[in-house]
Amino acid sequence: MIDIDQLQKKFGENEVLKNISLTIPAHQVVAVIGPSGSGKSTFLRCINGLESITGGKVTVNGHEINAKAPIKALKKTIYAIRQETGMVFQQFNLYPHKTVIENVMEALVVVKKMSKQEAKNIAKPLLARVGLGEKENAYPSQLSGGQQQRVAIARALAMEPKIMLFDEPTSALDPELVGEVLNVMKDLAEEGMTMVIVTHEMKFAKDVADRILFMADGVIVEDAEPNDFFEHPQTDRAQKFLRQVS
Ligand code: ADP
Ligand code: MG
């Protein structure tokens, strides 16, 4: 589903992603962990074309972004990848002046050109699925952070993505609201969604992910099954990181 071949990303002289190669098959749930500034967000953003890449290539569901291709040729590819990839950020970025259901309907109406009624028919069951069937007419400011993040997930799912990318989706939440968001993500994982999740929730990563990528200084330092990674980290860096977060 995702094939990354010698991916490099530089910001000026700063090489933030260094020669990353890996393949993520369909239905795999991958947790990306590592210290702050190691390149995790940049890595996610390169997967869905939010960042241009400076070396190598990234292929998502057959759409190839090659660093060597002219920008013009990539526009269509990036558009296709965005359509097939849902992204959820630390900040929920809901439209404050739109109701919950309007937030979920928005891309269906604007991008997919659906009628309001068609969009509503899709949005309603999605809100029920994230446990917010009762809140469709509320405004974001009337919801808790956990509820807002669940709306953001429903909004991403409305586009029927093949892949979901999460960038620290629970980091901005009060501790007691983290679980409700992780539960929605766990359900998605169990339904077979292909997911790449940057997270600091080690227990969630261990319980839900099929695979852990430990990133440091722009390199994937370890790529392992959760039990192996958490019980027997191979590198000093990972051992040190795990001591710090536990
Ligand atoms: P992480 O998500 O692991 O904390 P990031 O991917 O956000 O790390 O950042 C990795 C490095 O890339 C940092 O050194 C950061 O300063 C740099 N960086 C990220 N985005 C930009 C940008 N838009 N311009 C310049 N440097 C950036
Ligand atoms: Mg980040």
Side-chain angles (χ1 to χ4, degrees), residues 1-9 17-34 38-51 53 55-67 69 74 76-89 129 153 156-169 182-199 201-216 218-235 238:
M1 185 64 89
I2 303 175
D3 187 58
I4 296 170
D5 185 21
Q6 302 199 321
L7 166 63
Q8 183 212 47
K9 174 63 182 176
L17 298 177
K18 300 168 185 164
N19 202 24
I20 293 178
S21 296
L22 60 99
T23 298
I24 298 173
H27 313 301
Q28 193 167 67
V29 178
V30 179
V32 182
I33 66 178
S38 56
K40 305 181 299 295
S41 295
T42 306
F43 176 68
L44 276 195
R45 294 164 61 83
C46 287
I47 293 176
N48 78 342
L50 277 177
E51 258 344 315
I53 66 176
K57 56 188 184 181
V58 174
T59 311
V60 177
N61 198 28
H63 309 290
E64 181 184 297
I65 303 177
N66 191 315
L74 289 179
K76 262 192 166 165
T77 307
I78 289 172
Y79 185 80
I81 291 175
R82 295 252 179 90
Q83 293 262 311
E84 294 168 22
T85 311
M87 186 142 177
V88 175
F89 302 89
R129 183 165 156 196
I153 294 172
L157 291 175
M159 295 295 282
E160 298 189 71
K162 301 230 162 45
I163 298 165
M164 285 286 285
L165 306 176
F166 294 87
D167 194 355
E168 299 194 23
L182 294 180
N183 282 336
V184 167
M185 293 167 64
K186 189 172 180 205
D187 289 344
L188 263 183
E190 281 166 3
E191 289 161 24
M193 178 64 80
T194 308
M195 298 163 72
V196 185
I197 307 161
V198 175
T199 185
E201 297 291 335
M202 296 301 141
K203 185 174 184 305
F204 175 80
K206 189 173 181 177
D207 292 347
V208 176
D210 301 310
R211 179 179 182 184
I212 306 289
L213 300 179
F214 174 70
M215 197 177 234
V219 177
I220 305 286
V221 177
E222 300 204 22
D223 177 351
E225 288 192 13
N227 274 329
D228 290 338
F229 177 76
F230 287 106
E231 305 304 331
H232 308 288
Q234 298 294 304
T235 59

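For K76, there are no salt bridge (charged side-chain N to carboxylate O under 4.0 Å, His left out) partners two or more places apart in sequence or in a different chain. Every residue two or more places apart in sequence or in another chain that forms a ring pair (Phe, Tyr, Trp, His ring centres under 6.0 Å) with F214 is listed here: F229, F241. Partners of T85 according to the side chain to side chain contact (heavy atoms under 4.5 Å, CB included) rule, which considers only residues two or more places apart in sequence or in another chain, are N48, V60, I81, I163, L165. Partners of K40 according to the side chain to side chain donor-acceptor pair (under 3.5 Å) rule, which considers only residues two or more places apart in sequence or in another chain, do not exist here. Applying the salt bridge (charged side-chain N to carboxylate O under 4.0 Å, His left out) criterion to D3, with sequence neighbours excluded, gives no partner residue. Residues passing the side chain to side chain contact (heavy atoms under 4.5 Å, CB included) test with A205, sequence neighbours excluded: A31, T199, I212, F230. Every side chain to side chain donor-acceptor pair (under 3.5 Å) that E168 has, sequence neighbours left out, goes to S171, H200. Residues that satisfy the side chain to side chain contact (heavy atoms under 4.5 Å, CB included) test with D210, not counting sequence neighbours, are Q28, V29. Looking at residues two or more places apart in sequence or on another chain, you find a side chain to side chain contact (heavy atoms under 4.5 Å, CB included) between L157 and L126, R129, I153, P161, M164, L188, M193.
In this structure, CG in L213 is found 6.0 Å from CG in L22, a value given to the nearest 0.5 Å. For the atom pair CE of M202 and CD1 of I33, the computed distance is 4.0 Å after rounding to the nearest 0.5 Å. To the nearest 0.5 Å, atoms OG1 (T194) and CD1 (I24) are separated by 9.0 Å. Note that CD of Q8 and CD1 of I53 are 9.5 Å apart. Values are rounded to the nearest 0.5 Å.
In terms of heavy-atom proximity, V32 sits nearest to F43 at CG2-CE2, 4.3 Å. Nearest heavy atoms, C46 versus V58: O-CG1, 4.0 Å. Taking each heavy atom of H232 and Q234 in turn, the nearest pair found is O-NE2, 3.0 Å. The nearest pair of heavy atoms linking G39 to L17 is O-CD2, 3.5 Å. Across F166 and L44, no two heavy atoms sit closer than the pair O-CD1, 3.3 Å. When all heavy atoms of A238 and P233 are compared, the closest pair comes out as CB-CB, 3.9 Å.
Legend: side chain to side chain donor-acceptor pair (under 3.5 Å) pairs involving residues 58-67, not counting sequence neighbours, sorted by first then second residue: N61-E84, H63-E84, E64-N66. Among residues at least two apart or in separate chains, salt bridge (Lys or Arg N to Asp or Glu O under 4.0 Å) pairs with a member in residues 219-231 are K206-E231, R211-D223.
Looking at heavy atoms from C-beta onward, R45 lies in side-chain contact with M87 at the 4.5 angstrom threshold. Under the 4.5 Å side-chain criterion, counting only non-hydrogen atoms from C-beta, M215 is in contact with I20.
In K18, the NZ atom is crowded: over 12 heavy atoms of neighbouring residues, nucleotides or ligands sit closer than 6.0 Å.
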For this session: Show your working on side-chain contact (heavy atoms from CB on, under 4.5 Å) between S21 and I4 and close with a plain yes or no.
Result: CA-CA 5 Å; S21 296; I4 296 170; 5.8 Å; no

Exercise. For L50 and R82, what are the C-alpha separation, side-chain angles and deciding distance, and is it a side-chain contact (heavy atoms from CB on, under 4.5 Å)?
Worked result: CA-CA 9 Å; L50 277 177; R82 295 252 179 90; 3.9 Å; yes

For this session: Under the side-chain contact (heavy atoms from CB on, under 4.5 Å) rule, what do N19 and Q6 come out as? Steps first, then yes or no, please.
Result: CA-CA 4 Å; N19 202 24; Q6 302 199 321; 3.3 Å; yes

